[in-house]
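Down below is the structure, laid out as structure tokens.
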Amino acid sequence: MGLSTEQVNRLLGEALKRGANEVRLVPGKRIGWVCAGTESESGGAQSATAVEEMVEALLTGDARMDLALGRAVWEVDVPGV
């Protein structure tokens with residue numbers, strides 16, 4: 001089960017407010033934001049299950065295969081963001 005649309009919108013809205021051009025979700029670490037090359041973190045450490053739930057709805061087929069091998073990086077265009 002992935003995040004609800006509302007939860008995804010909140011996560012992306014926070015990224016937009018921060019001026020982030022990248023959001024990093026790594027199990028065992030806090031949510032990472034990259035703004036103009038500067039990294040910051042917020043919240044508590046995320047479990048692997050929490051990260052999986054956050055990205056489930058946004059995964060592309062290629063990213064899903066890369067994650068099965070251990071790591072994935074992908075871009076997602078979100079209407080209105």
Side-chain angles (χ1 to χ4, degrees):
M1 168 201 272
L3 288 176
S4 69
T5 301
E6 181 181 320
Q7 291 168 309
V8 169
N9 287 342
R10 270 189 278 166
L11 177 66
L12 296 175
E14 182 65 23
L16 188 61
K17 281 184 207 172
R18 292 170 177 262
N21 58 343
E22 191 173 319
V23 177
R24 294 185 179 174
L25 301 169
V26 179
K29 295 191 177 190
R30 297 165 32 167
I31 294 174
W33 313 94
V34 180
C35 306
T38 302
E39 294 182 41
S40 62
E41 295 180 331
S42 69
Q46 303 295 308
S47 68
T49 301
V51 171
E52 184 178 316
E53 288 177 358
M54 283 184 231
V55 301
E56 181 63 31
L58 303 173
L59 280 175
T60 63
D62 288 341
R64 191 176 306 280
M65 288 190 302
D66 289 345
L67 272 178
L69 298 173
R71 180 179 174 162
V73 174
W74 72 100
E75 294 182 15
V76 177
D77 289 324
V78 179
V81 174

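Because only heavy atoms are used, hydrogens play no part in the values below, and waters and symmetry mates are left out as well, while side chains stay in.
In this structure a side-chain-to-backbone donor-acceptor pair under 3.5 Å is present from Q46 to G44.
When every heavy atom of A45 is checked against every heavy atom of R30, the shortest pair comes out as N-CG, 3.8 Å. Between A72 and D66 the shortest heavy-atom distance is CB-CB, 3.7 Å. For the residue pair V23 and A15, the shortest heavy atom distance occurs at CG2-CB, 3.7 Å. The minimum heavy-atom distance between V34 and N21, with the atom names listed, is O-OD1, 2.6 Å.
Counting heavy atoms from C-beta on, the side chains of S40 and R18 come closer than 4.5 Å. Under the 4.5 Å side-chain criterion, counting only non-hydrogen atoms from C-beta, E39 is in contact with R24.
No continuous path of ILVMFWY side-chain contacts below 4.5 Å connects M65 to L25, so the two sit in separate hydrophobic clusters. V26 and L12 end up in different hydrophobic clusters when Ile, Leu, Val, Met, Phe, Trp and Tyr side chains are linked at under 4.5 Å.
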